[in-house]
Amino acid sequence: MNLTNDDVQEILRLLDASSFDELHLATDRFKLTLRRSGASGWTQQMQTAAGTAADASTPSTPSAAAVRTPSVAGLIDVHPPIIGTFYRAPKPGAAPFVEVGSTVQKDTIVGIVETMKLMNSVYAGVAGVVVEICAANGHLVEQDHVLMRLRAP
Amino acid sequence: VIIRRLLIANRGEIAARIIRTCQQLGIETVLAASEADVDSVPARLADHTVCIGPAPSPSSYLNTQAIVAAAVAAGAQAIHPGYGFLSENAVLARGCRAAGVVFIGPTEEQLLAVGDKLEARRHAVAAGLPVVPGGPVSSVEEARALAERIGWPLLIKAVGGGGGRGMKQVHEAAQLGELLELAMAEANTAFGDARVYVERYVASGRHIEVQLLGDGANVIHFGDRDCSIQRRYQKLIEEAPAPVLASDLRARMHTAAVSFGRHLRYRGAGTVEFLVDTERQEFYFLEMNARIQVEHPVTEAITGVDLVAEQIAIAEGQPLRLTQERVAFSGHAIECRINAEDATRDFRPSPGTITAALFPAGPGIRVDTHIEQGSRVPPFYDSLLAKIITYAPDRASCLALLQSALANCRIEGVKTNLDMHAALIAEPGFRRGGVDTSYFSRRIPTR
């Protein structure tokens with residue numbers, strides 16, 4: 001059983017009438033800390049015990065470690081603007097924004113990164129030619145990952 | 001049916017919220033979680049956790065077959081779909097029926113009736129509700145003819161739409177052809193459905209909705225909520241009851257919502273959304289949401305009813321446990337949605353790991369959250385971290401309590417919109433109450 005908001009308020013009513021400023025409560029399912037926050041009320045900090053019930057497999061979300069490759073001399077790396085899922089095409093089934101050999105300008109969109117349900121365009125950043133695409137479609141990419149490499153003209 | 005074990009096909013704060021009610025009712029919970037969420041707070045709170053697939057939603061939270069199979073394998077009598085994801089999906093409802101599992105929500109027919117905006121509009125007209133003048137169009141000629149009847153400016157909307165996508169304002173006849181084509185193309189890309197319809201554009205409108213519960217025969221309402229504080233059609237602050245609203249207008253909206261629910265013989269929890277034209281002092285049916293909503297706690301605060309518990313009772317086949325006369329309203333409640341986004345950088349999403357999470361506590365304060373210190377906020381899902389709800393006898397004291405509650409909230413490790421909320425609720429415009437849906441985008445930020 002976990003604490004409900006009503007339980008917390010009940011405890012606070014008791015604490016309010018006391019001279020204590022802090023309460024620590026620990027059970028095998030959670031740890032709760034209640035602290036008096038000056039005259040403006042109380043704060044709560046909860047820490048739930050790690051689930052023993054989780055009968056699930058270990059995460060295997062596609063996050064291609066291969067994209068964290070060292071830079072190549074003479075080539076320009078394109079990084080995602082934010083962590084998210086990388087898409088090479090504007091929608092499923094559509095042609096990719098760019099292929100190896102595509103000529104791009106500074107403001108050419110070369111891909112999309114979806115983060116928290118928002119689509120963020122990835123811009124080439126420089127004019128050049130795509131020489132390598134390093135990140136796979138639909139995979140999680142982090143900001144230090146290399147999506148693709150360009151050669152400046 | 002008596003539900004003894006329930007599968008939750010959702011994540012985040014709503015999963016934690018449903019688990020809480022189940023614990024109070026003595027119902028065992030099974031959380032269907034993606035690989036990204038198997039060590040989340042809801043997974044720790046649930047009695048059991050079943051992994052239903054990889055992190056991206058299409059492989060897990062949107063995978064109907066995996067969810068039904070998980071419920072059957074876990075021996076759950078029912079599935080609670082929460083909000084978003086598959087909560088209004090008739091395919092999931094049908095899959096549940098085929099597998100002999102109770103879907104906690106309306107019937108398949110009702111989901112289909114309100115899921116299609118044109119179909120919902122037809123039902124609203126049939127139930128005698130006012131709708132914004134307009135209708136479906138398939139060509140520029142049709143749109144132009146309609147515009148002559150209803151007047152300019154116009155709003156083009158996608159039939160399959162939501163969240164503002166495929167929506168276009170048209171201020172003069174010369175733009176119509178181009179914008180209509182653009183809207184149809186966007187609608188097709190976003191929803192796989194190019195159909196659009198055209199409405200008169202209401203320049204200043206408030207978003208006010210009415211909470212319903214139905215048991216398939218009877219329908220009653222639980223008052224209204226004002227959700228006009230929105231950014232790009234995403235709600236940020238909700239309150240109940242709607243402030244500064246003429247009492248006859250309010251009463252007519254309640255009656256209209258109940259008429260709509262009765263017309264559908266609605267079963268479960270649902271919300272009828274209205275657009276209130278502030279200049280004409282009229283209201284129009286917008287759509288119905290056939291699920292529990294994010295902002296349901298403000299209604300729970302002013303009525304004292306646990307809406308999730310009522311959803312479960314209705315799903316078990318019980319008649320409504322309350323009559324309209326026994327729904328008593330008192331006080332005022334306001335909710336702030338705390339999101340992992342950087343309000344100073346165009347609300348850029350901010351996934352990451354929570355390094356500190358301190359929440360306000362005390363009388364009149366409710367926090368619905370799924371994060372604590374050490375929680376990961378993955379980039380795969382929406383950015384809602386917590387909802388801070390305050391409740392007081394009147395709006396002024398509710399705002400004062402909210403102000404101190406926000407001040408006593410500290411979340412570190414990701415960027416949040418906490419400061420934006422604190423600034424917003426201090427603004428004279430918001431404090432007066434009754435702002436329209438363009439208030440947020442129009443306002444000059446205080447900082």
Side-chain angles (χ1 to χ4, degrees), chain A residues 1-6 8-13 15-16 29-63 81-85 90-92 94 113-118 120 138-142, chain B residues 19-20 23-24 31 33-36 38-41 43-52 54-57 163 189-190 339-341 347-352 356-369 372-374 377-383 401 404-405 407-410:
Chain A
M1 191 66 195
N2 290 288
L3 280 187
T4 67
N5 196 41
D6 290 345
V8 172
Q9 302 210 3
E10 189 61 34
I11 297 169
L12 286 178
R13 261 189 286 277
L15 280 178
D16 259 333
R29 290 205 73 157
F30 64 85
K31 288 194 181 80
L32 173 75
T33 302
L34 292 169
R35 260 193 205 98
R36 211 186 284 269
S37 173
S40 65
W42 292 82
T43 62
Q44 58 175 319
Q45 193 168 15
M46 184 86 99
Q47 208 64 42
T48 317
T52 47
D55 42 22
S57 55
T58 44
S60 67
T61 301
S63 83
I82 185 168
I83 182 177
T85 307
K91 60 176 174 173
V113 171
E114 181 185 1
T115 308
M116 294 181 149
K117 294 166 80 179
L118 284 179
N120 306 278
H139 281 225
L140 180 72
V141 290
E142 294 181 31
Chain B
I19 291 168
R20 183 168 56 75
Q23 286 178 339
Q24 286 168 349
L31 183 76
S34 77
E35 287 174 356
V38 290
D39 194 31
S40 61
V41 167
R44 293 173 178 206
L45 295 176
D47 295 307
H48 308 279
T49 299
V50 178
C51 183
I52 48 160
S57 314
T189 308
N339 296 331
E341 56 191 19
F347 296 87
R348 182 187 163 98
S350 179
L358 197 64
F359 290 109
I365 299 172
R366 168 174 168 180
V367 178
D368 280 16
T369 184
E372 55 187 29
Q373 189 181 323
V377 182
F380 306 104
Y381 315 109
D382 71 30
S383 60
L401 185 59
S404 70
N408 280 338
C409 185
R410 191 160 62 85

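Computed from a prediction, not measured in an experiment: that's the story for all the values here. Protein chains get the first letters and strands the later ones, always in sequence-line order, with residue 1 at the start of each.
At a 4.5 Å heavy-atom cutoff, the contact between B:Ala340 and chain A is made by backbone and side-chain atoms alike. Residue contact with chain B, scored on non-hydrogen atoms closer than 4.5 Å, involves the backbone and the side chain of A:Lys117 alike. In this structure, chain A has a heavy atom under 4.5 Å from the backbone of B:Tyr381, while its side chain stays farther away. Residue B:Ser34 does not touch chain A at all, counting heavy-atom pairs closer than 4.5 Å. Interface remark: A:Gln9 contributes side-chain atoms only to the contact with chain B (heavy atom separation under 4.5 Å). Looking at A:Thr48, the atoms closer than 4.5 Å to chain B (heavy atoms on both sides) sit in the backbone and in the side chain alike. With a threshold of 4.5 angstrom between heavy atoms, B:Leu31 does not approach chain A through any atom at all. For chain A, no part of B:Arg410 is nearby; none of its heavy atoms comes within less than 4.5 Å.
Between A:Val8 and B:Ala361 the shortest heavy-atom distance is CG1-CB, 4.2 Å. B:Ser350 approaches A:Met116 most closely through the heavy-atom pair N-SD, 4.0 Å.
The greatest number of non-hydrogen atom pairs below 4.5 Å with chain B, out of A:Arg13, A:Met46, A:Gln47, A:Gln45, is found for A:Gln47. Ranking B:Asp382, B:Leu45, B:Val41 against chain A, the residue ahead of the rest is B:Leu45, based on heavy-atom pairs under 4.5 Å. Ranked by non-hydrogen atom pairs under 4.5 Å with chain A, the options B:Ser40, B:Ser404, B:Pro349 are led by B:Pro349. Of the residues considered (A:Ile82, A:Ile83, A:Leu15, A:Thr33), A:Ile82 shows the highest number of contacts with chain B, using heavy-atom pairs under 4.5 Å.
Contact annotation: the side chain of A:Leu140 approaches that of B:Phe380 to within less than 4.5 Å [non-hydrogen atoms, C-beta and beyond]. Looking only at side-chain heavy atoms (C-beta outward), A:Glu10 and A:Asp6 stay at 4.5 Å or farther from each other.
In terms of modelled atom types and a separation under 3.5 Å, the side chain of B:Asp39 and the main chain of A:Ala50 share no donor-acceptor contact.
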### Query
Given the rule in the side-chain contact (heavy atoms from CB on, under 4.5 Å) test, do A:Gln44 and A:Leu12 qualify, once you have shown the distances and angles that lead to the verdict?
CA-CA 10 Å; A:Gln44 58 175 319; A:Leu12 286 178; over 6 Å; no

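With sequence neighbours excluded, the residues forming a side-chain contact (heavy atoms from CB on, under 4.5 Å) with B:Asn408 are A:Ser37, A:Ser40, A:Thr43, B:Pro360, listed by chain and number. Qualifying salt bridge (charged side-chain N to carboxylate O under 4.0 Å, His left out) partners for B:Glu372, counting only residues two or more places apart in sequence or in other chains: B:Arg44.
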